[in-house]
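Values reported hereafter were calculated over all heavy atoms of this structure, with side chains retained and with hydrogens, waters and symmetry mates removed.
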2 protein chains.
Amino acid sequence: MGYQPNAIAQGLVKKETKTIGLIIPDITNPFFPEVARGIEDAAVEAGYTVFLCNTNWNAEREERYLNVLMQKQVDGLIIGPSSEEVSHLGKILDSGIKTVFISRAINHANSTCIIIDNVLGAQQAVEYLIQRGHRKIAFVGGREDISTNRERLQGYTQALSNNGLALDESLVKTGSFKRDSGYFIMNQLLKSEACNRPTAVFAANDLLALGVIQAVKENGLSIPSDMAVVGFDDIEFASLPEIQLTTVAQPKYDMGKLAFSTLMELMRGGGYSSGRKILLDPVLVIRETG
Amino acid sequence: MGYQPNAIAQGLVKKETKTIGLIIPDITNPFFPEVARGIEDAAVEAGYTVFLCNTNWNAEREERYLNVLMQKQVDGLIIGPSSEEVSHLGKILDSGIKTVFISRAINHANSTCIIIDNVLGAQQAVEYLIQRGHRKIAFVGGREDISTNRERLQGYTQALSNNGLALDESLVKTGSFKRDSGYFIMNQLLKSEACNRPTAVFAANDLLALGVIQAVKENGLSIPSDMAVVGFDDIEFASLPEIQLTTVAQPKYDMGKLAFSTLMELMRGGGYSSGRKILLDPVLVIRETG
DNA sequence: CCCCCTACCGTAAACGTTTACGATTATATC
DNA sequence: GATATAATCGTAAACGTTTACGGTAGGGGG
């Protein structure tokens, strides 16, 4: 009869809205659309709709979103946190809204997280570079205060020490997780005299790696002979024949699906998933940049 | 006092939810995240939250989403349509939900659209190729039934006839708007004997162009000397030094902002914007592939 | 034939707000 | 000091559902 039930009224009485919030820092980084697609595909199948909340790495906006989503009575939350300052996140967790964190764990008692083993991934990447004979390997990082970055740095450090290499602080630089930051940092690194230059760089994500590569090439050096580069994420464009970026792959789409199904369990009241840290295995995919 | 008003209850009585729906065909195509970011930035500023609805080019899913969003009482809709079959879209328009279409106009009386001048953009691209001496130019398109594709094809055809060139049907191929489709089509085109081969291709979007380039290179040809390639959209990765794709640029982020502000006007009851077709100017950015 | 149980239908309360209206109190002006 | 106006407070209805409960009717069994 063309009758459409009013989901708002239903939500009011049923106390569930069949709606979840997805908070991510940068939808412009192809990593996130891929996991968002996984989340969404799983969500529609389960009859849920998702609010897209892109924070542009802005913690304040993240907090505003958190409040808005609470007010909109979302049944659950999937968050890729934008900041290490988690007081507002803790508030949400304590409020009882079911939440799963992606891409980054949160320092809070029983938070549920789906994350890649960042230190292992980074370690594999750097050990691969060492294996290939590199001794001066730079770390080009994203935001220093983000644990993803810290863990990847830790893997880097660990790989060095595992192989008896000293950590050279001057080769460790951080900025943001964007391409221009990689470009900027690499240009700085290339300013030092040739003998002090690194021969390889491990970038904390693929966007950074792309910026690094650009800087390297613009300085007349070639890749990988003068400078090997490996990234992290394996975004789709890493596999382009012109790029062929060696990188640590994350199962992005599946992470999204897993994130939703885990959230679903949480929402169904499954204590089982509560507080679980699901650690996924990274796989180093070797292409031509390193 | 920690009191959080219940937006659901508010929505019920106020008959507005401060919520809009965004329906797009493929969030994995970097074009869409960029416009989504523009929409979102404008939306948060105005106090709105946006439902992300990714259809994967599936018309049925689009229709399902449309119903869900109606039921969820969204105040407005921004749609990048996935199909030319618009009966369900017409239903929505007639239902009075304020809607603006992006990236593609809809064949319905007074629909409001924000679109790039596709035929002009394509024409510019192809005329540029002709200027560079190309006579056999292929068209590698996306979905045939999508008007975006038809309009770009029309621009292509027009450029040819403007320059006294005959349209060679065998050089016009369509598939989907994805990279693998471009790759597949180009491989087919390259199967014909060398003398019948095109010397240039105009691809209906950048993803297709990337696939085309891959196929060309894998066939041992070089770009642009053996095969010139120009795309459409100017996604961020088109500007990578390794890619340097010549392409027709769209103001993606600004289109998003404009889409939201236009929708806002519609929602405020502004008859002014109703039924308006806003046609944006493309700009050909010349890089190194063509 | 009467009673009991079941099934169905309709009615009312509840969900958490907003808004409008009425009443009460305060303030200012004459 | 009295009246008129303004401001404040509280109350009730409304938004569109769901759910629970009570009542009625019908059917079956004693």
Terminal contacting nucleotides, 5' and 3', DNA chain C versus chain A (heavy atom, 4.0 Å): C:dC15 to C:dG16
Carboxylate-amine/guanidinium contact B:Glu144 B:Arg150, below 4.0 Å: no
N/O donor to acceptor pairs below 3.5 angstrom from side-chain atoms of residues 34-44 of chain B, sequence neighbours left out:
{"unit_1": "B:Glu34", "atom_1": "OE2", "unit_2": "B:Arg37", "atom_2": "NH2", "d": "3.1"}
{"unit_1": "B:Glu40", "atom_1": "OE1", "unit_2": "A:Arg61", "atom_2": "NH2", "d": "2.7"}
{"unit_1": "B:Glu40", "atom_1": "OE1", "unit_2": "A:Tyr65", "atom_2": "OH", "d": "2.7"}
{"unit_1": "B:Glu40", "atom_1": "OE2", "unit_2": "A:Asn54", "atom_2": "N", "d": "2.5"}
{"unit_1": "B:Asp41", "atom_1": "OD1", "unit_2": "A:Asn56", "atom_2": "ND2", "d": "3.3"}
{"unit_1": "B:Asp41", "atom_1": "OD1", "unit_2": "A:Arg61", "atom_2": "NH1", "d": "3.0"}
{"unit_1": "B:Asp41", "atom_1": "OD1", "unit_2": "A:Arg61", "atom_2": "NH2", "d": "2.9"}
{"unit_1": "B:Asp41", "atom_1": "OD2", "unit_2": "B:Tyr253", "atom_2": "OH", "d": "2.6"}

Sugar-phosphate only, base, or nothing, as touched by A:Gln4 at under 4.0 Å among non-hydrogen atoms: sugar-phosphate
Closest non-hydrogen atom pair between [X] and [Y], with its separation:
X: A:Lys277; Y: A:Ser111; result: NZ-O, 2.6 Å
X: A:Gly141; Y: A:Ala204; result: CA-CB, 3.8 Å
X: B:Leu120; Y: B:Pro282; result: CD2-CD, 4.1 Å

Counterpart residues, side-chain hydrogen bond (donor to acceptor under 3.5 Å, both in side chains), relative to A:Arg152 (two or more places apart): A:Asn118
Bend angle of the helix from C:dC1-D:dG30 to C:dC30-D:dG1, end axes from five pairs each (to 10°): 50°
Pairs meeting criterion ring-ring contact (aromatic ring centres under 6.0 Å, His included) with involvement of residues 4-53 of chain B, two or more places apart: A:Phe51-B:Phe51, B:Tyr48-B:Phe260
Pairwise side-chain hydrogen bond (donor to acceptor under 3.5 Å, both in side chains) hits with a residue in residues 24-33 of chain B, at least two apart: none
